[in-house]
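Below is one structure, written out as C-alpha cells, with a few remarks after it.
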Amino acid sequence: MKTEYDTKYGLVTVSRPKSISGKVVTLTLVKPENASNGWGVSRTLKIDKEVTQRIADDFAKNASEMV
C-alpha cells in the first residue's frame, strides 16, 4: 500500500516496508526540485494510527529543513 500527500514542501509518500511486520511505515519527502530524480528524505517509524495530512505536513516541514 502506498499513499501520497501533497504538502507545501513537496510530495510525501507513505509506504509499508514488506520486510517488516507490524505497524511500521516509511515516510519519504521529495521536494519539487528533485521530482525528476526522486531524491528525497525518508524516515521509518512505528505508528499505531493511520498517517494523516497533518502528520505528513509535520514530517515534510522537518525533513525539508534537513536538505
Closest non-hydrogen atom pair, V41 against M66
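Taking every non-hydrogen atom into account, CG1-SD, 4.1 Å.
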| query | Between V51 and A56, what is the shortest heavy-atom contact and its length? | reply |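 Heavy atoms only, the tightest pair is CG1-N, 4.4 Å.
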Would you be so kind as to tabulate the donor-acceptor pairs closer than 3.5 Å made by side chains of residues 25-36, with sequence neighbours excluded?
| from | atom 1 | to | atom 2 | distance (Å) |
| --- | --- | --- | --- | --- |
| T26 | OG1 | T44 | OG1 | 3.1 |

task: Starting at CG of L45, measure out to NZ of K23 and round the result to the nearest 0.5 Å.
output: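 Between atom CG of L45 and atom NZ of K23 there are 13.5 Å.
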Would you compute the distance between atom NZ of K49 and atom CD1 of I55 and round it to the nearest 0.5 angstrom?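 So the NZ of K49 and the CD1 of I55 are separated by 4.5 Å.
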Please enumerate all residues that pass side-chain contact (heavy atoms from CB on, under 4.5 Å) together with K8, with sequence neighbours excluded.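 None.
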| field | Residues that N62 engages under side-chain hydrogen bond (donor to acceptor under 3.5 Å, both in side chains), provided they are two or more places apart | value |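 Scan of N62 (side-chain hydrogen bond (donor to acceptor under 3.5 Å, both in side chains), adjacent residues dropped) gives none.
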- Just jot down the side-chain hydrogen bond (donor to acceptor under 3.5 Å, both in side chains) partners of E4, sequence neighbours excluded, or say none.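 Once residues adjacent in sequence are excluded, E4 has no partner under the side-chain hydrogen bond (donor to acceptor under 3.5 Å, both in side chains) criterion.
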Would you say the side chain of T13 lies within less than 4.5 Å of the side chain of K2, judging by non-hydrogen atoms?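 Yes. Closest side-chain heavy atoms under 4.5 Å.
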* Asked: Hey, does L11 have a side-chain heavy atom less than 4.5 Å from the side chain of Y5?
  ->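 No, their side chains stay 4.5 Å or more apart.
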> Any donor and acceptor pair, going by atom type alone, linking the side chain of E65 with main-chain N or O of A60 inside 3.5 Å?
Replying inline: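 Pair absent, no side-chain N/O of E65 close to backbone of A60.
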